[in-house]
Amino acid sequence: MKKLLTVSLLGVAIAAGTAQARDYDHVRFGVDVPYEPMEYRTPEGELTGFDIELGNAMCEEIGVTCEWIEQEWDGIIPGLLSRKYDAIMSSMTINDERRETVLFSDAYITPPSAWFAPAELDLEEPTPEALDGMTIGVQRGTLQDNYVTDLYGDVAEISRYSTADDMVLDMEAQRLDIVFLDFPVGKSTLLDSEEREYKVVGETITEPKEYFGDGFGIAFRPRDEALAERFNEALATLKEDGTYDEIYQRYFED
Amino acid sequence: MEPLNQWLAAVLEGNVIFTPQTLGYYWGGLVTTSQLVFLSLLVGLVLAVPLAILRGSKHRWIKLPVYFYTYVFRGTPLLVQLYIIYYGVVFVEGIQDTMFWPILKEAFYPALIAFTLNTAAYTTEIFHGAIKATSRGEIEAARAYGMSQGLTMRRIILPSAFRRALPAYGNEVIFMLHASAIASVVTLMDITGAARFVYARYYAPFEAFIFAALIYLCLTFAILYLFRYLEKRLLAHLKPLSGN
């Protein structure tokens with residue numbers, strides 16, 4: 001009887017040990033590059049951007065070392081779940097659909113999405129009637145893809161790209177009439193482009209919440225609650241001491 | 001149509017991933033893949049026959065360019081060829097103002113061009129090998145009957161070469177079907193494109209890609225069956241008489 005008790009106690013102890021989340025001193029981030037100004041490479045090949053700098057600052061605050069692992073967007077959540085990395089910090093919008101699969105930190109930035117088109121396009125408001133028959137570019141698997149597929153999928157042709165870069169290239173090649181993108185990304189790649197003139201069509205878009213969620217967050221595996229909490233605390237500290245503002249200024253104000 | 005839709009809705013009740021909408025994407029993907037593969041094989045075949053004959057020419061200036069073409073297209077990955085033809089072509093100065101742009105603008109035609117050039121290169125080599133393997137006796141017999149070179153080619157060499165090439169060509173058709181899976185990198189919604197869409201939207205890699213794999217498998221079996229049938233009919237004279 002006593003032996004049985006010891007064995008079962010041991011079993012409980014092992015079960016408790018594995019159920020407890022790992023204590024990280026090295027965090028690997030999955031990131032989809034390039035996605036200016038959020039994450040991209042400098043001409044020298046160095047990885048940088050708002051997400052990268054903020055992520056590194058948070059890691060420093062917590063006292064862990066960070067590693068960035070590149071991963072194409074459409075496999076980024078499966079990559080997290082299959083432990084290729086421990087967290088995703090790659091301009092990922094927090095929404096309910098994703099919450100079913102991953103655990104999110106607090107939002108660290110809340111940028112809108114927007115329609116971008118060549119300046120010569122005669123279009124005031126992107127309604128389904130106005131976009132009838134046009135070719136819309138989106139990045140595959142993004143919330144913009146879901147939004148455009150559900151609202152405009154019946155009237156317009158939708159071209160889906162693996163990277164934002166391929167999409168911008170096709171926009172410049174005049175294969176696309178209009179694209180739907182995160183505003184900061186569209187601004188840096190299209191509005192600041194030297195090739196052609198582009199404009200934002202209509203208002204920037206943050207509604208409805210079922211598509212656009214609650215801003216960008218860091219995604220963790222659901223069991224890593226403790227780690228998410230450490231990052232939340234670090235974010236709060238960085239916002240308080242001005243580090244966050246300093247990084248934000250560098251990437252979003254001219 | 002209506003009873004079918006109702007039946008489908010009943011079957012899919014409660015299934016999150018395979019909704020009528022996603023099945024519609026898979027169906028569209030099946031149509032796109034079939035069109036791409038069928039058209040590229042057809043045009044590739046039409047191109048390959050004269051090229052295979054030229055490839056066997058005695059004259060260097062006829063033989064070498066064809067050899068160079070098949071060498072380049074068989075020596076580089078199809079994915080790279082597709083990238084060059086789809087993304088590379090926009091860097092040609094003033095291409096948007098030419099009459100070719102409406103064709104090159106769509107993703108379908110650059111993909112079709114890449115696939116056609118690729119399969120034509122492989123098919124040329126397959127036919128060239130089959131033509132070269134024609135036994136000398138047959139050609140000499142044709143000459144003895146007074147057939148011209150052209151007539152010998154048409155009546156003797158090509159028919160027997162086609163038969164010899166059939167098993168190898170059947171492989172090429174299946175390879176082409178499988179290679180077409182890269183079409184989604186240029187935004188085409190082929191079967192793989194549909195699977196990638198479902199995967200990215202529902203984070204369901206197994207369901208999305210296994211379903212796509214099953215569709216490819218069905219297509220492959222259909223092609224295999226067709227070539228078995230053709231071989232049985234066209235190569236009947238090579239079968240041993242007894243032993244059935």
Side-chain angles (χ1 to χ4, degrees), chain A residues 32 71-82 84 88 92 95 97-102 118 134-150 153-154 157-163 165-177 179 195-196 211 219 221-222, chain B residues 16-17 19-22 24-25 28-29 32 79 82-98 100-111 181-190 192-209 212:
Chain A
D32 175 27
Q71 162 71 49
E72 261 190 24
W73 183 258
D74 58 8
I76 204 161
I77 288 184
L80 173 72
L81 299 179
S82 62
K84 280 165 78 178
I88 301 168
M92 183 176 280
N95 65 19
E97 210 177 346
R98 288 181 180 143
R99 265 201 197 98
E100 287 175 18
T101 328
V102 298
M134 287 197 183
T135 307
I136 305 175
V138 290
Q139 202 185 354
R140 191 194 333 266
T142 56
L143 61 104
Q144 287 89 3
D145 183 358
N146 295 348
Y147 177 81
V148 171
T149 301
D150 290 351
D154 297 332
E157 186 88 20
I158 301 172
S159 284
R160 298 181 179 82
Y161 294 85
S162 293
T163 68
D165 262 8
D166 286 346
M167 180 159 75
V168 169
L169 199 61
D170 258 5
M171 187 72 167
E172 259 154 29
Q174 303 174 23
R175 278 197 175 111
L176 299 170
D177 297 309
V179 296
E195 297 265 325
R196 293 171 75 198
Y211 293 106
R221 284 185 286 273
Chain B
V16 206
I17 298 163
T19 60
Q21 192 209 7
T22 56
Y25 281 114
T32 307
L79 181 61
L82 182 60
Y83 267 124
I84 291 173
I85 293 175
Y86 183 80
Y87 287 112
V89 76
V90 303
F91 287 100
V92 177
E93 202 66 47
I95 187 85
Q96 276 93 348
D97 304 321
T98 65
F100 303 112
W101 183 244
I103 294 172
L104 294 172
K105 190 180 169 191
E106 303 288 322
F108 187 81
Y109 294 101
I182 62 170
S184 62
V185 303
V186 293
T187 76
L188 276 174
M189 269 298 226
D190 67 336
T192 309
R196 288 177 74 177
F197 176 81
V198 173
Y199 164 52
R201 178 137 201 192
Y202 300 98
Y203 315 119
F206 286 123
E207 289 88 337
F209 287 117

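Just so it is clear, the model here is predicted, and its values are computed rather than measured.
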Can you tell me which of B:Thr187, B:Ile95, B:Val185 forms the most heavy-atom pairs within a distance under 4.5 Å of chain A? B:Thr187

Do A:Gln139 side-chain atoms and A:Arg160 backbone N/O form a donor-acceptor pair below 3.5 Å? no

Should the ring pair A:Tyr147 and A:Tyr211 be called parallel, tilted or perpendicular, given that the plane angle runs from 0 to 90° and is split at 30 and 60? perpendicular

Can you list the steps and then say if A:Thr149 with B:Phe197 is a side-chain contact (heavy atoms from CB on, under 4.5 Å)? CA-CA 11 Å; A:Thr149 301; B:Phe197 176 81; 3.9 Å; yes

Where on B:Tyr86 is there a heavy atom nearer than 4.5 Å to chain A: the side chain, the backbone, both, or neither? both

Tell me whether A:Asp166 is salt-bridged to A:Arg140, with the criterion being a basic N under 4.0 Å from an acidic carboxylate O. no

Turns out that what part of B:Val186 lies under 4.5 Å from chain A's heavy atoms comes down to neither

Determine the minimum heavy-atom distance between B:Ala200 and A:Gly141, stating which atoms define it. CB-CA, 3.5 Å

Using heavy-atom distances under 4.5 Å, tell me whether A:Glu100 contacts chain B through its side chain, its backbone, both, or neither. neither

Heavy-atom cut-off 4.5 Å, strictly under: side chain, backbone, both or neither for A:Ser159 against chain B? both

Is A:Asp145 close to chain B through its backbone or its side chain, or both, or neither, when contacts mean heavy atoms under 4.5 Å? side chain

Could you check which of A:Pro78, A:Gly137, A:Gly153 has the highest count of heavy-atom pairs closer than 4.5 Å to chain B? A:Pro78

Determine whether B:Val90 and A:Arg175 make a side-chain contact, defined as any pair of heavy atoms from C-beta on separated by less than 4.5 Å. yes

